[in-house]
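Notes follow once the structure below has been shown.
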Amino acid sequence: MISSLAKTLAVLLLLWSVADQYVDRLFVFDHAKLQELSRASISLHGNDTSALLTHLTRSLREEYGNAVVEWSKEDWFFNNAGGAMGTMVILHASVTEYLIFFGTALETEGHSGVHMADDYFTILHGEQHAAYPGDLRPTVYRPGDQNHLRRGDAIQYAMPTTCFALELAQGWIPAMLPFGFADTFSSTLDWYNLYKTVKLTAINMVVQTMRGKI
């Protein structure tokens with residue numbers, strides 16, 4: 001039995017290593033274009049976060065079509081991960097990419113997690129402060145700036161006041177989900193929020209898969 005399990009794991013690892021070499025061919029979004037569209041919306045609505053998010057969503061749908069979904073206030077939910085707490089809404093979720101608005105009306109700070117994906121965090125309102133081990137001063141990202149957290153890296157980050165961002169992750173998204181769920185079991189016990197997170201993520205992944213987007 002152990003031998004069969006080992007063989008199965010070896011085959012799965014081989015298949016994953018091959019697929020991993022071609023994962024970038026499955027990407028739809030261009031992080032540079034997202035930053036460009038974000039800056040355009042900031043220039044028009046920098047003092048009105050609600051109008052900024054609405055305008056940027058419209059711009060994203062014009063650029064990427066149905067790869068980006070529309071949303072309402074009821075689609076937002078909490079995210080507790082790595083000690084940080086914020087609120088988010090899904091714009092796109094598939095096996096290899098997610099695009100979300102993430103932020104906090106208050107403040108937050110925590111660990112980024114270590115992921116099998118590159119993360120592009122474009123600030124729309126407020127500031128994000130980030131530091132790698134050994135940094136004596138933070139790197140500060142302001143509206144229009146984009147923080148690229150490379151796959152396998154980790155940072156400490158803070159949003160010292162109200163802050164919202166457009167976040168793109170590109171890589172193996174299912175492998176990121178345990179990080180997003182773990183705090184429910186270890187601290188918050190917010191089962192309804194977990195249910196809403198799983199439900200909306202699954203719905204979006206199914207919709208994109210039906211469109212042919214892996």
Side-chain angles (χ1 to χ4, degrees), residues 9-38 56 60 63-69 71 77 79-84 86 88-103 110-124 128 130-133 139 141 145-157 159 164-184 194 197-214:
L9 290 175
V11 170
L12 291 174
L13 181 60
L14 177 62
L15 291 174
W16 173 81
S17 64
V18 173
D20 194 49
Q21 298 178 41
Y22 301 97
V23 65
D24 59 336
R25 300 185 185 184
L26 302 174
F27 297 159
V28 169
F29 299 100
D30 175 10
H31 64 86
K33 186 65 177 180
L34 296 185
Q35 185 177 25
E36 176 188 323
L37 294 175
S38 296
L56 181 52
L60 290 167
E63 181 70 25
Y64 294 105
N66 289 332
V68 175
V69 299
W71 52 271
F77 51 91
N79 177 257
N80 293 81
M88 62 175 277
V89 67
I90 297 172
L91 302 174
H92 173 96
S94 61
V95 174
T96 57
E97 293 180 288
Y98 75 62
L99 185 68
I100 64 173
F101 288 133
F102 174 81
H111 191 293
S112 65
V114 179
H115 303 294
M116 295 169 59
D118 284 277
D119 189 273
Y120 302 90
F121 202 77
T122 306
I123 305 302
L124 303 175
Q128 183 198 44
Y132 286 89
T139 300
Y141 298 90
D145 293 341
Q146 187 176 86
N147 179 7
H148 177 199
L149 179 63
R150 289 175 174 79
R151 171 175 164 164
D153 285 353
I155 56 171
Q156 178 185 7
Y157 75 94
M159 296 171 167
F164 285 90
L166 177 67
E167 181 177 5
L168 169 69
Q170 294 181 311
W172 299 108
I173 304 307
M176 302 177 72
L177 298 181
F179 175 73
F181 297 160
D183 277 19
T184 299
L194 177 63
T197 304
V198 172
K199 176 185 174 181
L200 293 176
T201 301
I203 289 173
N204 279 277
M205 283 189 167
V206 169
V207 168
Q208 294 303 326
T209 300
M210 292 177 65
R211 292 184 61 252
K213 172 63 175 74
I214 299 175

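Source: prediction; values computed, not measured. Computed from heavy atoms alone, side chains included, the values below leave out hydrogens, waters and symmetry copies. Along the sequence shown, residues carry numbers from 1.
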Problem - salt bridge (charged side-chain N to carboxylate O under 4.0 Å, His left out) contacts in which one or both residues fall within residues 199-209, not counting sequence neighbours - result: none
Practice task
Classify the angle between the aromatic ring planes of F121 and Y157 as parallel (below 30°), tilted (30 to 60°) or perpendicular (above 60°).
Solution key: tilted
Exercise for the section: Could you tell me whether the side chain of I90 reaches within less than 4.5 Å of the side chain of W71, counting heavy atoms only? Expected result: no
Handout entry: Sequence-distant partners of A154, side chain to side chain contact (heavy atoms under 4.5 Å, CB included), two or more places apart
Key = H111, S112, V114
Problem - Residues forming a side chain to side chain contact (heavy atoms under 4.5 Å, CB included) with D183, sequence neighbours excluded - result: N80, S186, S187
Handout entry: Shortest non-hydrogen contact from G171 toward V23
Key = O-CG2, 4.3 Å
Handout entry: Qualifying residues under side-chain hydrogen bond (donor to acceptor under 3.5 Å, both in side chains), relative to K33, sequence neighbours excluded
Key = E36
Fill in the blank from the handout: Sorted by chain and residue number, the side-chain hydrogen bond (donor to acceptor under 3.5 Å, both in side chains) partners of T122 (sequence neighbours excluded) come out as Q146
Handout entry: Under the ring-ring contact (aromatic ring centres under 6.0 Å, His included) test, residues paired with F181 that sit two or more places apart
Key = none
Fill in the blank from the handout: Rounding to 0.5 Å, atoms OG1 (T197) and CG (L177) come to a distance of 10.0 Å
Exercise for the section: Just jot down the salt bridge (charged side-chain N to carboxylate O under 4.0 Å, His left out) partners of E97, sequence neighbours excluded, or say none. Expected result: K213
Completion exercise
Exactly one of I100, N204, V68, L168 clears side chain to side chain contact (heavy atoms under 4.5 Å, CB included) with L91, and that residue is V68
Exercise for the section: Just jot down the side chain to side chain contact (heavy atoms under 4.5 Å, CB included) partners of R25, sequence neighbours excluded, or say none. Expected result: Y22
Completion exercise
Looking only at heavy atoms, the pair that brings M116 and A175 closest together is SD-CB, 3.8 Å
Problem - Contact check, side chains of V28 and L99, non-hydrogen atoms, under 4.5 Å - result: no
Practice task
Evaluate the criterion side-chain contact (heavy atoms from CB on, under 4.5 Å) for residue pair D119 and E167; output intermediate values, then yes/no.
Solution key: CA-CA 7 Å; D119 189 273; E167 181 177 5; 2.5 Å; yes
Exercise for the section: Would you mind reporting whether Y98 and T201 have side-chain heavy atoms less than 4.5 Å apart? Expected result: no
Completion exercise
Taken in chain and number order and not counting sequence neighbours, the residues that satisfy side-chain hydrogen bond (donor to acceptor under 3.5 Å, both in side chains) with Q208 are R211
Exercise for the section: Applying side-chain contact (heavy atoms from CB on, under 4.5 Å), run through M88 and F101 and close with a yes or a no. Expected result: CA-CA 5 Å; M88 62 175 277; F101 288 133; over 6 Å; no
Exercise for the section: Go through the structure and list residues passing side chain to side chain contact (heavy atoms under 4.5 Å, CB included) with V207, not counting sequence neighbours. Expected result: I203
Practice task
To the nearest 0.5 angstrom, please state how far the OG1 atom of T184 sits from the CG atom of N79.
Solution key: 9.0 Å
Handout entry: Sequence-distant partners of H115, side-chain hydrogen bond (donor to acceptor under 3.5 Å, both in side chains), two or more places apart
Key = none
Exercise for the section: Find the distance between CG (L56) and CD (E63) and round it off to the nearest 0.5 Å. Expected result: 11.5 Å
Problem - Side-chain donor/acceptor of T96 to backbone N/O of F27, under 3.5 Å - result: no
Practice task
Kindly say whether A67 contributes a backbone atom to a donor-acceptor pair with the side chain of H92 at under 3.5 angstrom?
Solution key: yes
Handout entry: Nearest-0.5 Å distance, CG of residue D118 to NE2 of residue H148
Key = 3.5 Å
Problem - Within-4.5 Å side-chain heavy-atom neighbours: L34 and Y120 - result: no
Practice task
Before giving the answer on side-chain contact (heavy atoms from CB on, under 4.5 Å), spell out for I155 and N147 the whole-Å C-alpha distance, their side-chain angles and the decisive distance to 0.1 Å.
Solution key: CA-CA 11 Å; I155 56 171; N147 179 7; 3.8 Å; yes
Problem - CE on M205 to CD1 on I214, rounded to 0.5 Å - result: 12.0 Å
Handout entry: Atom pair CG/CG of L60 and L166 - distance to nearest 0.5 Å
Key = 6.0 Å
Completion exercise
Residue set satisfying ring-ring contact (aromatic ring centres under 6.0 Å, His included) with Y64, at least two apart, ordered chain then number -> F29
